[in-house]
Protein chains: 2
Amino acid sequence: MRDFTLELDDQLCFALYAASRAVTARYRPLLDDLGLTYPQYLVMLVLWERGSVPVKDLAAALQLDYGTLSPLLKRLESAGLIRRERRPDDERSVRIVLTGHGDELRERAKDVPPAIGDAMNLGQEDTARLRALLRTLADNVSR
Amino acid sequence: MRDFTLELDDQLCFALYAASRAVTARYRPLLDDLGLTYPQYLVMLVLWERGSVPVKDLAAALQLDYGTLSPLLKRLESAGLIRRERRPDDERSVRIVLTGHGDELRERAKDVPPAIGDAMNLGQEDTARLRALLRTLADNVSR
DNA sequence: CCCAATTAAGTTGTGCACAATCTAAACGGG
DNA sequence: CCCGTTTAGATTGTGCACAACTTAATTGGG
């Protein structure tokens, strides 16, 4: 029989919570140079990859709701990185489009992943293993 | 040479961020029954383990600063779960002490870790592996 | 064809996270 | 013993997360 305690250090959840914040903290100075917060960076990753994306798909990709995304996108818009386009054939839907400025930022962001990979210092093997475990966990927990 | 891209799904950081939020979301209904948020639950874990703790040590254990802890503790206090005691020999230091009500909550929280462990569904082996990887990661990244 | 139900998005309110700033108590070297 | 420095803690302001609610456009069944 497995033995579950209330001790902080036993909890996988705390290791997860602490690691997530530690990684975000490591990103912060790099992203400050780009004028982005961490969640804003994630949005930009999706846009750099797909060019333009409906808000709905952005929400699905990042697992965020409109309550988080709407104000975040408003800030990216007033920073001049994105534009909102309401679809003519469905006035409910809003498509997020990169501006020229937003696209240019991609070049400057190229250095971020290697710098973080270096700081994480896990090696290719453990990185893949960890990513797989995290996906399994997220999957299990959200069904 | 390792190949770092800007694709969202490549990023370990996103898997980490998503998994952390998914796990917290799974805790939510259980903690709602106890009248706690997830960070409040973490504080209570430390208090249930150590009885009473100076705010400074709480901050160190959870890696949180006073800006996060002060208002959180104020809410736990007005919920009647904790008490603040200013140390007579050092008026700067505040010690957090469980109230009777706070101590009683421990009994009701006993069911939480097994329920979460069950939902995570990782097995003892992978759980230990994941926890170890997360600690190494947090360690590497915050040096 | 119409209207009830659904869908996309936004808004409001609460509670973290964290940087920056502030206060007051304690310490310590000259 | 005094004053500059350090330390414990709180406060303020910004930006997520997320629940609950609102709005407006679209859809689909009778």
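Residue numbers start from 1 in every chain, and the chains themselves are labelled A, B, ... in the order their sequence lines are given, proteins ahead of strands.
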**Fill in**
Judged by nearest nucleotide, the residue sitting upstream toward the 5' end of DNA chain C, A/R95 or A/A22, is A/R95
**Request:** Keeping the roles fixed (side chain from A/S70, backbone from A/G67), state whether a donor-acceptor pair exists under 3.5 Å.
**Result:** no
**Asked** Within less than 4.0 Å of OP1 or OP2 of D/dA17, is there a side-chain N or O belonging to B/Y17?
**Response** yes
**Asked** Roughly, in whole Å, what's the span from CG in A/L72 to P in D/dT14?
**Response** 16 Å
**Asked** Given atom OH of B/Y66 and atom P of C/dC22, what is their separation to the nearest angstrom?
**Response** 19 Å
**Pair A/R143 + A/D139: basic N to acidic O under 4.0 Å** = yes
**Request:** Answer yes or no: is there a donor N or O on one side and an acceptor on the other, between the side chain of B/E104 and the main chain of B/T99, under 3.5 Å?
**Result:** no
**Complete:** Nearest heavy-atom approach of B/F14 to A/A61 is CZ-O, 3.3 Å
Please tabulate, one pair per line, each protein N/O and nucleotide N/O from nucleotides 4-7 of chain D that are separated by under 3.5 Å, including the distance.
| from | atom 1 | to | atom 2 | distance (Å) |
| --- | --- | --- | --- | --- |
| D/dT7 | O2 | B/R92 | NH1 | 3.2 |

**Prompt:** Between B/R95, B/R83, B/E85, which is the residue that forms a side chain to side chain donor-acceptor pair (under 3.5 Å) with B/S52?
**Reply:** B/R95
**B/V46: which of B/M44, B/E49, B/R50 passes side-chain contact (heavy atoms from CB on, under 4.5 Å)** = B/R50
**Asked** How many Å lie between CZ on A/R87 and P on D/dA25, as a whole number?
**Response** 15 Å
**Message:** Classify A/R84 by what it touches in the nucleic acid, base, sugar-phosphate, or nothing, heavy-atom distance under 4.0 Å.
**Reply:** sugar-phosphate
**Asked** Once you round it to whole Å, what is the distance between P of C/dC16 and CG of B/L62?
**Response** 12 Å
**Item:** Residue whose nearest DNA chain D nucleotide is more 5′ - A/P88 or B/P71
**Value:** B/P71
**Message:** Students often get this wrong, so: under 4.0 angstrom with heavy atoms, is A/D89 touching a base, only sugar-phosphate, or nothing?
**Reply:** sugar-phosphate
**Complete:** By nearest-heavy-atom nucleotide on DNA chain D, the more 5' of A/E91 and A/T68 is A/T68
**Request:** Would you indicate what A/L69 reaches in the nucleic acid, counting non-hydrogen atoms under 4.0 angstrom: base, sugar-phosphate, or nothing?
**Result:** nothing
**Request:** Please check the phosphate of C/dT7 (OP1 and OP2 only) for any side-chain N or O of A/S93 closer than 4.0 Å.
**Result:** no
**Prompt:** Would one find a side-chain N or O of B/R28 under 4.0 angstrom from OP1 or OP2 of D/dA17?
**Reply:** no
**Between P of C/dA8 and CG of A/L58, the distance in whole Å** = 14 Å
**Prompt:** Between atom CZ in A/F14 and atom C1' in C/dA17, what is the gap in whole Å?
**Reply:** 14 Å
**Request:** Would you indicate what B/D57 reaches in the nucleic acid, counting non-hydrogen atoms under 4.0 angstrom: base, sugar-phosphate, or nothing?
**Result:** nothing
**Prompt:** Is the side chain of B/R75 donor-acceptor paired with the backbone N or O of B/Q40 at a distance under 3.5 Å, no angle test?
**Reply:** no
**Rounded interatomic separation in angstrom, taking CZ from B/R21 and P from C/dA17** = 13 Å
**Request:** With heavy atoms under 4.0 Å as the rule, sort B/D65 into base, sugar-phosphate or nothing.
**Result:** base
**Asked** Within the structure, does a side-chain N or O atom of A/K74 lie under 4.0 Å from either OP1 or OP2 of D/dG15?
**Response** no
**Message:** Among residues 35-51 of chain B, which ones have heavy-atom contacts with DNA chain C below 4.0 Å?
**Reply:** B/T37, B/P39, B/Q40
**Request:** Measure from the side-chain N and O atoms of B/W48 to the backbone N and O of B/G102, and report whether any donor-acceptor pair falls under 3.5 Å.
**Result:** yes
**Message:** Rounding to an integer number of Å, can you tell me how far B/L64 CG sits from C/dA19 P?
**Reply:** 12 Å
**Request:** Report yes or no: does A/S20 contribute a side-chain atom to a donor-acceptor pair with the main-chain N or O of A/L16 at less than 3.5 Å?
**Result:** no
**Prompt:** Parallel, tilted or perpendicular: which fits the ring planes of A/Y27 and A/Y38, with parallel below 30° and perpendicular above 60°?
**Reply:** tilted
**Message:** On the nucleotide C/dC16, are OP1 or OP2 found under 4.0 Å from the side-chain N or O atoms that B/R75 carries?
**Reply:** yes
